[in-house]
Amino acid sequence: MPKTVSRKALFTVALLCAWAAFWFPTYAAQPRAAARAPGAETRAAGLLAGRELGTTPLLDDLRELCDGIGGRPTGSQACERAVDWAVGRFRAAGVNSVWTEPYTIPGSWAGGHDQAECLAPVEFPVRVAAAPSTAPTPGGHALEAPLVNAGDGSREAFARLGDRARGSIVLVLSPEMKTEADLFAEYTRDAPLLAAAQRAGVAALLVQSTQPHLLLYRHPMGLGGEILPLPTAIVAREHAARLARLADHDEVRLRLDLPSRVGGPFEARNVVAEIRGREKPEEIVLIGAHLDSWDLGTGAEDDGVNAALVIDVARSFQALGLVPRRTVRFVLFTGEEQGMLGSAAYVLRHAAEISHHVVMIAFDTGSGRITGFYLNGREGLRRPVDQALAAVAGLEATDDTLEAIDGTDNFDFLISGVPNLVGRQEWAPYLPNYHAESDVYDVVNGRQARTNAALAAVLVWGMAERPEPPASHQTRAEVEKLLRDTKLDEQMKGLGQWDDWVAGKRGVSK
Ligand SMILES: [Zn+2]
């Protein structure tokens, strides 16, 4: 269970809210564009926190998104409905403008009714879920073939199998996922695993689920939006273990049916809403989360709750009549699950004004408590974050880290030189439900989501209100150094993003 806010913290915030409520009439009565008395910014931060900790429609929005629309992979009708729904929510909030931005994804993929069955030496049904971005079984029909156990799926393991792998369904075993490091390891294994499997001429690949209790999840095998030719599925952990034991002693035959639908390029849309700044409208503070999700669950933790948070922060600014010094953009990206394609498209589309983005703030770890922020290699952001969050010091989100992460929508901003922050959150309840059937409304910690929204609102306000930008825009040489210093270059190589950076397809050019 995730930790919740301490009683002391709640008391501090309650005091702050009472104080803010006392001052609110004075503040709200001021003309919006007029110079404000010292302390007005802090009072506004208190008001925002108070509102978010109260009874905003954040959880109602999340319920509509998860239960009413459901799992929403980019390219699905559900994702299109979610985009229209989000536009409607921002409009209802009353922000200055709302629009969508189309971009192209190179290949479409939609999961079907996946089935597998062990045929020999004993018959039993096997739970499987096709891996996104991988081909269906040939002809869209079931495939029957011998199953062989390729252990950890390393090059050496395939070498030991020799010719037995050719034309077979190959089973690869996985360690159980206990930490976020295990999650990253699962992704970095994919490229060499696919290469070894294709060299060996396998017919299909079954990868053991890293989650116990027969839980299935979507595990994309590539992060470029292209369709990979080898039919691949995640197989329930306990079923995989049984198949492996059987295969060690007997000939095992399996029927596998992965009727995924694949297609060519298609158009997806990001949602952008904006509150124009009163003094520096050309300078932009961006808060973002991703609206798309996988489809086995309903994308509550990943990342519906934070999409609802972004909408809620916009609504609170409007409801309180707060017009920040800088422009605030509230962006709900799609294509994140295909490899952060929506945020990459945003950065390309806004190349001419990307250096006016003074900070990008992303949230993508569900409703786990925000303990601080990833500074993503930018030490200069530490103080501005502390200053912005001073108004909600009782919430104790001070555990900032210089560490940089690759794996959500801040990434293309980072390599484009934009100062960027990612909420550093406790990993539960996100991690045990990652991309899984169990990522549904019920697992979200609603009280914590509200506290996170309070922190997010206050941070955005502080960044938009401070006299100077929180940090400078970086040149290519500075980004290159940051990538090396934070070892993000190694992650980029592991995730297949490094070549695009070197070739100048992604990231700042000078
Ligand atoms: Zn996510």
Side-chain angles (χ1 to χ4, degrees), residues 62 65-66 69-76 78-79 82-83 86 105 131-133 177 179-180 182-184 186-187 210-211 217-223 225 268 270-271 286-311 330-346 360-368 370 373-374 376 404-414 420-441 443-445 448-449 452 456 491 495 497:
L62 180 63
L65 182 63
C66 295
I69 296 174
R72 44 199 180 278
T74 306
S76 67
C79 189
V83 165
I105 290 191
S133 311
M177 178 174 66
T179 67
E180 68 278 14
D182 299 336
L183 178 64
F184 281 100
E186 196 179 353
Y187 278 95
T210 59
Q211 303 267 38
Y217 54 89
R218 290 290 189 209
H219 178 70
M221 293 296 285
L223 294 176
N270 292 323
V271 182
L286 191 155
I287 172 173
H290 69 88
L291 186 60
D292 65 311
S293 76
W294 287 120
D295 55 337
L296 298 180
T298 57
E301 281 286 305
D302 191 11
D303 188 24
V305 66
N306 290 313
L309 175 151
V310 170
I311 292 169
F330 304 86
V331 185
L332 298 181
F333 300 105
T334 55
E336 197 275 346
E337 300 293 7
Q338 280 77 8
M340 295 99 81
L341 303 182
S343 45
Y346 176 96
M360 188 279 181
I361 307 165
F363 296 94
D364 190 11
T365 320
S367 59
I370 296 174
F373 284 84
Y374 288 95
N376 293 310
I405 59 163
D406 176 1
T408 189
D409 290 312
N410 70 306
F411 176 72
D412 278 86
F413 291 86
L414 186 156
N420 61 103
L421 296 164
V422 177
R424 189 178 192 197
Q425 301 182 244
E426 288 182 350
W427 284 95
Y430 175 89
L431 204 57
N433 303 294
Y434 178 75
H435 288 185
E437 298 160 292
S438 56
D439 184 5
V440 292
Y441 182 83
V443 301
V444 170
N445 182 336
Q448 194 57 62
N452 291 349
Q491 277 193 55
L495 296 174
Q497 300 155 331

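One-based numbering, in listed order, for ligands and for the atoms of each. Counting from 1, the numbers follow the sequence of the chain as shown.
- A salt bridge (Lys or Arg N to Asp or Glu O under 4.0 Å) check over residues 301-310, counting only residues at least two apart or in different chains, returns nothing.
- Applying the salt bridge (Lys or Arg N to Asp or Glu O under 4.0 Å) criterion to Asp412, with sequence neighbours excluded, gives Arg506.
- For Asn306 (side chain) and Gly366 (main-chain N/O), a donor-acceptor pair under 3.5 Å exists by modelled atom type.
- Of the possible polar contacts, none joining the Arg218 side chain to the Tyr434 backbone as a donor-acceptor pair under 3.5 Å is found.
- Of all protein N, O or S atoms, those under 2.8 Å from the Zn ion (ligand 1) number 4.
- Residues passing the ring-ring contact (aromatic ring centres under 6.0 Å, His included) test with Tyr187, sequence neighbours excluded: His219.
- The closest donor-acceptor contact from the side chain of Asp182 to the backbone of Thr179 lies under 3.5 Å.
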